[in-house]
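Below, chains carry the letters A, B, ... as their sequence lines are ordered, and counting in each starts from 1.
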There are 2 protein chains.
Amino acid sequence: MESSVHVHEHSSRGGGKPSRAKKTVTQKDIARALGISRGTVDRALHGRAGISTAVKERILSTAKSLGYAPNKFAQLLVTGKKITIAMITPSDPFWVRVHEGANSYLSELGEWLLRVTWYETTVHDPEREVALFQEALEARVDGIGIAPSDPDLLTPWIDRAVRSGIPVVTLNTDAPESDRIVFIGQDSAVAGRVAAELLAKFLLGRGRVAIIAGFKNVLVHKLRMDAFRDAIAKDYAGVAIGEIYESHDSDSEPYEIARAIFRAGIAVDGIYLTTGTGIGALGRALKEIGVAGTVKVVCFDFLADTLELLKDGTVSASIGEDPYSQGYQSVKALYNYITDRRKPDGPALYTRMDIGLRANIDLLGY
Amino acid sequence: MESSVHVHEHSSRGGGKPSRAKKTVTQKDIARALGISRGTVDRALHGRAGISTAVKERILSTAKSLGYAPNKFAQLLVTGKKITIAMITPSDPFWVRVHEGANSYLSELGEWLLRVTWYETTVHDPEREVALFQEALEARVDGIGIAPSDPDLLTPWIDRAVRSGIPVVTLNTDAPESDRIVFIGQDSAVAGRVAAELLAKFLLGRGRVAIIAGFKNVLVHKLRMDAFRDAIAKDYAGVAIGEIYESHDSDSEPYEIARAIFRAGIAVDGIYLTTGTGIGALGRALKEIGVAGTVKVVCFDFLADTLELLKDGTVSASIGEDPYSQGYQSVKALYNYITDRRKPDGPALYTRMDIGLRANIDLLGY
DNA sequence: GTGAAAGCGCTAACAT
DNA sequence: ATGTTAGCGCTTTCAC
């Protein structure tokens, strides 16, 4: 295909106003060159049945030598095909950003090509995810994006869908053992290391930190936790890790945990929360205890509470996982796969890792 | 326009395989509804000449009530218009990422709509920028993206182009007084504040920092410098700012500057370099002096040198400006403006601010 | 000022 | 196995 990227040759007379594109090769050209009909050319080009291998060969080779490229607009105009993608996700503020990203991929031209149907779950409701997954399959969608909160439960369903030709991507949280065509989300291990580096640097390399994990056994949290511990152990000998608590991704539990820590008289210089949920409660506790700002806190995501606590210094830094592009990339990957069976390069497509500080809160948030 | 976003209704029987899009309203429908011809409808819809205001009104209103939306594919198929955008930029590793971003906007369908011509400058060569700008105008391109290294010199040219209907966007560095339709790049003031926050936190809020500005009077550097100073003065009383040096964006000068600082016996705990250029030289000096890692360094961008120094701890953090999306957004803004005179929301479109640490270098780099 | 008709490049149904 | 033809929705030329 002719590239649309050009480096300006200095001698220059090129460029062009909005003008008819320069002569492009069509099926008709091929047909004329070979003295055959346009229908046959079309059949050859698409490998459709009812054509002798001999002419097919000739057509294909002259197509290539003439530099034929199909005109997508004409194709789309005549077929009028519209693809449906199902996205099975929660719908809280974090996920709203995912939706926005997904929707942006269908802007302009996209709207004619694609429709995205949202199947709403609530956070951590694996059974409902399975039920919706089945509904999507029954609705005969062309592709599915899902954030499997219980990989073990979803994996057989994902595998079944993929086997039957319906591509599935996992986003935000993975089902690594499944046949999903790709995972799109944060590299949790790197995130854990970044958290470790930030906290250690904010403590000038020495002190005691507590870890509050969302769920000790949910993949994302576990990875964020383990990588954090490894990084501290490896690179920051002066930092000690104390107890590891579990907040069950609850909005309130971090409050109790923090109170318990200080009630027990444990000297803590930093707290690492492997989620964004519950940061409000944690901040409230630290303020009540009178150590907000003194105890350095690193957490995840940019929910309203987080932004506020970043602003007043209670949270030192928060790590984002770019929900917008999680949505965007999921739809894009599915679309590309559905239209030309094109798989992403690797098993995972990592979204960037935004680091939120007080100074840049205006640029963050969801 | 009918949206392509759907929330799954739980009663569900919806969805759909790749199927003919459901009945969409065409010009023909409008014509039939009004008992007039399709040509007239088209004229009304496009405000073309030769039509009575009476019928025009009726057409427009029924078009709206029927929910008519033009079929872009049909439009494009028949007009075959291809737009040319000129990008006037340097071509070093940083700018290669900008190119990649720009090119990605013309992927797939885009290639049929758009061509991007690159006009190569070298860093800080204002005269050449003007010359290339003129060339682009003569080549009758449909839009121009440029990183004006001397805003005063370029502004009259930008204004002239815009007046004559050729939209211009500035990227990476702005010409704020010009009529460019939008600036796409980093919010330098926020970047300066982020640098201040990082450095202050890495120093636990006390110490002495030196500033090395690329150019004290080049807009970007000046903003990064001033915002840094203001933020330190306002929020971090324990941090003192010493001398301000100028490296002239040179690859080597930071070496001399660092040596001079320490030769003079000035006690410096942190160094803020408002650019990425010359970080290699600065790192070399600090290593020779024996203070690499002790003196905290914050700088910009993720060039090869920077990544290496982040890795070995000589640089504590570096701030990226997302060159990829500078390219992507520039082309997108120009395209939207050219095709439907749609201006971006504000005068500036700020790209995100990546913070590079040792732990996430693998995700950065250009 | 309005209608009729050709045709963009392609697919698909119908001939042969 | 191959040729012919009728559109997809739109723009544009040429009649009237």
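- We find that CD1 of Ile30(A) is positioned 12 Å from C1' of dG9(C), with the value rounded to whole Å.
- Between Ile51(A) atom CD1 and dG3(D) atom P the separation is 9 Å, expressed in whole Å.
- In the model, Thr121(B) has no side-chain atom that pairs as donor or acceptor with a side-chain atom of Glu129(B) under 3.5 Å.
- Atom pair Glu57(B):CD and dG1(C):C1' shows a separation of 16 Å (rounding to whole Å applied).
- Formation of a donor-acceptor pair under 3.5 Å by the Asp29(B) side chain with backbone atoms of Thr26(B) is found in this model.
- dC8(D) atom P lies 18 Å from atom CG of Asn71(A), rounded to whole Å.
- Contact annotation: Thr40(A) reaches the phosphate of dG3(D) (side-chain N/O to OP1 or OP2, under 4.0 Å).
- Residue Val78(B) has its side chain nearest to dG7(C) when only dG3(C), dG7(C), dC10(C) are considered.
- For Lys28(A), the listed nucleotide lying nearest its side chain is dC8(C); candidates were dC10(C), dA1(D), dC8(C).
- A straight line from CZ of Arg38(B) to P of dA6(C) spans 12 Å, rounded to a whole angstrom.
- Nucleotide dC8(C) holds its P atom 11 Å from the CG atom of Asp29(A), rounded to whole Å.
- If you check dG1(C), dA12(C), dG9(C) against the side chain of Leu77(A), the one that comes closest is dG9(C).
- Without hydrogens or angle criteria, Asp142(A) side chain to Thr84(A) main chain gives a donor-acceptor distance under 3.5 Å.
- Here the P atom of nucleotide dC16(D) and the CD1 atom of Ile36(B) are 21 Å apart, to the nearest Å.
- Distances were taken from every side-chain heavy atom of Tyr68(A) (C-beta onward) to each of dT2(D), dC10(C), dT2(C); the shortest belongs to dC10(C).
- Each of Leu334(A), Ile88(A), Val169(A) was checked for a side chain to side chain contact (heavy atoms under 4.5 Å, CB included) with Ile144(A), and the lone residue meeting it is Ile88(A).
- Listed for the Asp179(B) side chain is no donor-acceptor partner under 3.5 Å among the backbone atoms of Asp159(B).
- When heavy atoms are screened at a 4.0 angstrom cut-off, Gln75(B) is found touching the sugar-phosphate backbone but no base atom.
- For Arg48(A), taking side-chain heavy atoms from C-beta onward, the closest of the listed nucleotides dT11(C), dT2(C), dT2(D) is dT11(C).
- One finds a side-chain N or O of Ser52(B) lying less than 4.0 angstrom from the OP1 or OP2 phosphate oxygen of dT2(C).
- Between Phe73(B) atom CZ and dG7(D) atom C1' the separation is 18 Å, expressed in whole Å.
- Along DNA chain C, the nucleotide nearest to Thr26(A) and the one nearest to Arg43(A) differ in position, and the one closer to the 5' end is contacted by Thr26(A).
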